[in-house]
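Here the structure is laid out as structure tokens; the discussion comes afterwards.
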Amino acid sequence: MAALRPLRRPYADPGIAPVQRRELWAWAGFDFANSGYTTVVITAIFSAYFVGMVAGDAGWATFAWTAALSVSYVLVMAMAPLLGLYADAHACKKKLLLATTAVCSLGTAALWLCGPGDVALALLLIVITNTAFGTGENLIAAFLPELADDEGMGRLSGYGWAFGYFGAVLLLAACLWWVQGAEGRGSDTGSAVRDTMLLTGATVFLAALPTFLLLRERITAAPRAFATLWRESLQRWRGILGGASDLPQLGRFLACIVAYQAGVGTVIAVAAIYAQQALGFSTAESITLILAVNITAALGAMAFGQLQDRIGQRNALALSLVGWLVAIGLLALSEARPVVWVAANLAGICMGASQSAGRALVGYLCPPRREAEVFGLWGLAVKASMVLGPLAYGAISWAAGGRHALAMLATSGFFLVGLVLLYRVDVAQGRREALGTGPAAPR
């Protein structure tokens, strides 16, 4: 963290307290807490448990899972512009973040109630918890431009993703230990999986406490009537659909995000399902694989966090998307264990890199005092991709009679489109549009 510099930007008010290094740790530490939910519930454990145990390996189970995730992402998308404007107007990002974290934590613990046949309850809780998770993801990201200067934004974003993956590794390792020890305790795998939901729910909230205690809300409030915010949120919806209105380069990049994040979101949503249904991995084997992938993802986020501040966020992101294409191709075309491990860990590196670089580039293109609004639009783009990608995967696998390899191969198309759209983004021009002053140095 020593290389990260506190905010020193022209629009910073002299009366605003300087950023403390502990706040950088507190901000990055929220990813440590947050990633436990998505890794254990969405990616590694509960997703496969839902398909195999709750839904009894029904042909529609994978589609039902991806459809529930899609509903949650639509809810996050619908709320994002209004919530971003409200948070900026009332300087309440941290309060809203506390509320969404509490809902995610309690809802995750409630997944313990879901056994065989409890399909409706499981899907309802997934919609609730994933909506809270996605909204909180937008809110914590909105603090980024307040905490790091232009040259350090990529590194801070990278540290956040890296901490998130390390947190996921620790929690996933604890879950793996508990699941593998089920027989020795006279229990079964299904009961052990349900127990991990209690552990995950508690971990999410406890690990987020330093963020709530140490991170400060710096932007002063300028309250506006709800009706005004509602009208502006509708304008922002029209703006994002038409190219982000006054920020055309940001609009182009958000379209790029929709494309490549659809691929990332698909891998996150179906990783354990693919491992067990297509590759024949056991629950313990799939958790072990995803555990290793989280380690490589953390390394990828840290390495690319440094790299992107040197070669530019766009170049770093392009490099990661090429890596994604290679990884998906290997994974879809071979079931050999060594190839699967190589492909999965390459995907892990690219996952950390692409998510870190994308968030940092949005911060670079963000105008002063519109942080929550712009990152709300970022969240809208990400969640749109999370509707598109997993739902397409679920529909293709269902229509193809459970041929997951075909659905996975189709996923590579999202990364290819993202790579093409990325090269339509003029980052230097986008920076000028954000600041409205002078030429920007090429990134």
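Keep in mind that what you see is a predicted model, and the values were worked out from it rather than measured. The first residue of the sequence shown is numbered 1, and numbering continues consecutively from there.
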Compare all side-chain heavy atoms of [X] with those of [Y] and state whether any distance is below 4.5 angstrom.
{"X": "Leu123", "Y": "Val119", "answer": "yes"}
{"X": "Ser354", "Y": "Leu317", "answer": "yes"}
{"X": "Lys95", "Y": "Phe212", "answer": "no"}
{"X": "Val340", "Y": "Leu289", "answer": "yes"}
{"X": "Leu331", "Y": "Val339", "answer": "no"}
{"X": "Thr108", "Y": "Cys104", "answer": "yes"}
{"X": "Ile126", "Y": "Leu111", "answer": "yes"}
{"X": "Ile257", "Y": "Ser385", "answer": "no"}

For residues [X] and [Y], report the shortest heavy-atom separation together with the two atoms involved.
{"X": "Arg252", "Y": "Arg424", "value": "NH1-O, 2.8 Å"}
{"X": "Leu172", "Y": "Ala44", "value": "CD1-CB, 3.7 Å"}
{"X": "Thr211", "Y": "Ala26", "value": "OG1-O, 2.7 Å"}
{"X": "Ala343", "Y": "Leu330", "value": "CB-CB, 3.7 Å"}
{"X": "Trp341", "Y": "Ala292", "value": "CZ3-CB, 3.5 Å"}
{"X": "Tyr49", "Y": "Gly115", "value": "OH-CA, 3.6 Å"}

Return the set of residues passing ring pair (Phe, Tyr, Trp, His ring centres under 6.0 Å) with [X] (not counting sequence neighbours), or none when no residue passes.
{"X": "Tyr393", "answer": "His404"}
{"X": "Tyr37", "answer": "Phe133"}
{"X": "Phe63", "answer": "Trp398"}
{"X": "Phe414", "answer": "none"}

Stepwise side chain to side chain contact (heavy atoms under 4.5 Å, CB included) check, Leu361 with Phe253: CA-CA 9 Å; Leu361 185 50; Phe253 183 57; 3.5 Å; yes

Pairs meeting criterion ring pair (Phe, Tyr, Trp, His ring centres under 6.0 Å) with involvement of residues 173-197, two or more places apart: none

Qualifying ring pair (Phe, Tyr, Trp, His ring centres under 6.0 Å) pairs, either residue in residues 93-131, two or more places apart: none

Looking at [atom1] of [X] and [atom2] of [Y], how far apart are the two atoms once the value is rounded to the nearest 0.5 Å?
{"X": "Leu139", "Y": "Thr135", "atom1": "CG", "atom2": "OG1", "value": "7.0 Å"}
{"X": "Leu409", "Y": "Ile396", "atom1": "CG", "atom2": "CD1", "value": "9.5 Å"}
{"X": "Ser320", "Y": "Leu422", "atom1": "OG", "atom2": "CG", "value": "8.5 Å"}
{"X": "Met53", "Y": "Cys114", "atom1": "CE", "atom2": "SG", "value": "12.5 Å"}
{"X": "Leu291", "Y": "Leu176", "atom1": "CG", "atom2": "CG", "value": "6.5 Å"}
{"X": "Gln180", "Y": "Thr189", "atom1": "CD", "atom2": "OG1", "value": "9.5 Å"}

Which residues satisfy the side-chain hydrogen bond (donor to acceptor under 3.5 Å, both in side chains) test with [X], sequence neighbours excluded?
{"X": "Thr66", "answer": "none"}
{"X": "Ser191", "answer": "Asp188"}
{"X": "Asp118", "answer": "none"}
{"X": "Asn130", "answer": "Ser72, Tyr73"}

So does [Y] get a backbone contact from the side chain of [X], meaning a donor-acceptor N/O pair under 3.5 Å?
{"X": "Thr411", "Y": "Ala407", "answer": "yes"}
{"X": "Trp27", "Y": "Ile140", "answer": "yes"}
{"X": "Arg194", "Y": "Leu113", "answer": "no"}

Full working for side chain to side chain contact (heavy atoms under 4.5 Å, CB included) between Thr39 and Leu171: CA-CA 9 Å; Thr39 301; Leu171 179 58; over 6 Å; no

Ring geometry between Phe415 and Trp324 (parallel below 30°, tilted from 30 to 60°, perpendicular above 60°): parallel

For Ala110, all residues meeting side chain to side chain contact (heavy atoms under 4.5 Å, CB included), sequence neighbours excluded: Leu125

Side chain to side chain contact (heavy atoms under 4.5 Å, CB included) evaluation trace for Thr100 with Glu137: CA-CA 9 Å; Thr100 58; Glu137 195 175 32; over 6 Å; no

Arg22 atom CZ, over 12 foreign heavy atoms within 6.0 Å: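 Not buried by this count: 12 neighbours or fewer within 6.0 Å.
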
Identified side chain to side chain contact (heavy atoms under 4.5 Å, CB included) partner of Val127 from the options Val74, Val71, Leu69: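 Passing option: Val71.
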
Without placing hydrogens or testing angles, list every side-chain donor-acceptor pair under 3.5 Å for residues 197-206, not counting sequence neighbours.
unit_1: Thr200; atom_1: OG1; unit_2: Thr196; atom_2: O; d: 2.8
unit_1: Thr203; atom_1: OG1; unit_2: Leu199; atom_2: O; d: 2.8

